[in-house]
Amino acid sequence: MKKTISPLMHIDSEGYGHAHDHAHGHTHPHENKKAVLNRMSRIIGHMQSVRTMVENDRDCSEVLIQLSAIRSALQSVSRVILKEHMSTCIVDAVREGDMQQIEELNAAIDKFMK
């Protein structure tokens, strides 16, 4: 039985967010949820600052340096989410013989690594 956990936001190539539901057959508390949300809030604030930099015609090199910092922060938070997903959802899926979860993880990694 599949169950909707929470809406997720995906950002397209033009920077627009799109929500969808992520469903899998079990629920569990996310140990790093507060830390992840705090990191995401900081990333959003940083993005808003860079947008202001662009609006104010700041030096392109400065903008690129800030974008690099944002990319690093996104990779860091992504790593935390991936590790937690593998140690909880994927471990449970393997125990339950749920190959669909492993296929979905593989598809997500392929998209993430583009």
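Values reported hereafter were calculated over all heavy atoms of this structure, with side chains retained and with hydrogens, waters and symmetry mates removed.
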Q. Which of these passes side chain to side chain contact (heavy atoms under 4.5 Å, CB included) with Gln48: Ile44, Val50, Thr52?
A.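 Single pass found, and it is Ile44.
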Q: Ignoring hydrogens and angles, tell me if any N or O in the side chain of Ser78 forms a donor-acceptor pair with the backbone of Leu74 under 3.5 Å.
A: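 Side chain of Ser78 to backbone of Leu74, a donor-acceptor pair under 3.5 Å: yes, one is there.
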Q.
Under the salt bridge (Lys or Arg N to Asp or Glu O under 4.0 Å) definition, can you give me all pairs with a residue in residues 35-50, not counting sequence neighbours?
A.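 Found none.
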**Q.** Selection residues 44-54 - residue pairs positive for salt bridge (Lys or Arg N to Asp or Glu O under 4.0 Å), sequence neighbours left out
**A.**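 Residue pairs with at least one partner in residues 44-54: Arg51-Glu55.
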Q.
Tell me if the CE atom of Met53 is crowded by more than 12 foreign heavy atoms within 6.0 Å.
A. yes
Quick one: do [X] and [Y] end up in the same hydrophobic cluster if we chain Ile, Leu, Val, Met, Phe, Trp and Tyr together by side-chain heavy atoms under 4.5 Å apart?
| X | Y | value |
| --- | --- | --- |
| Val80 | Ile70 | yes |
| Met86 | Met99 | yes |
| Ile102 | Met113 | yes |
| Val91 | Val94 | no |
| Val36 | Leu82 | no |

Q.
Is any side-chain heavy atom of Asn32 closer than 4.5 Å to one of Ile81?
A.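 With C-beta onward as the side chain, the pair stays apart.
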To the nearest 0.5 Å, what is the distance between [atom1] ([X]) and [atom2] ([Y])?
| X | Y | atom1 | atom2 | result |
| --- | --- | --- | --- | --- |
| His85 | Thr88 | NE2 | OG1 | 7.0 Å |
| Arg79 | Phe112 | CZ | CZ | 8.0 Å |
| Lys111 | Asn106 | NZ | CG | 12.5 Å |

Just list the side-chain donor-acceptor pairs under 3.5 Å for residues 60-68, sequence neighbours left out, or say none.
| from | atom 1 | to | atom 2 | distance (Å) |
| --- | --- | --- | --- | --- |
| Glu62 | OE1 | Arg58 | NE | 3.1 |
| Glu62 | OE1 | Arg58 | NH2 | 2.5 |
| Gln66 | OE1 | His46 | NE2 | 2.6 |

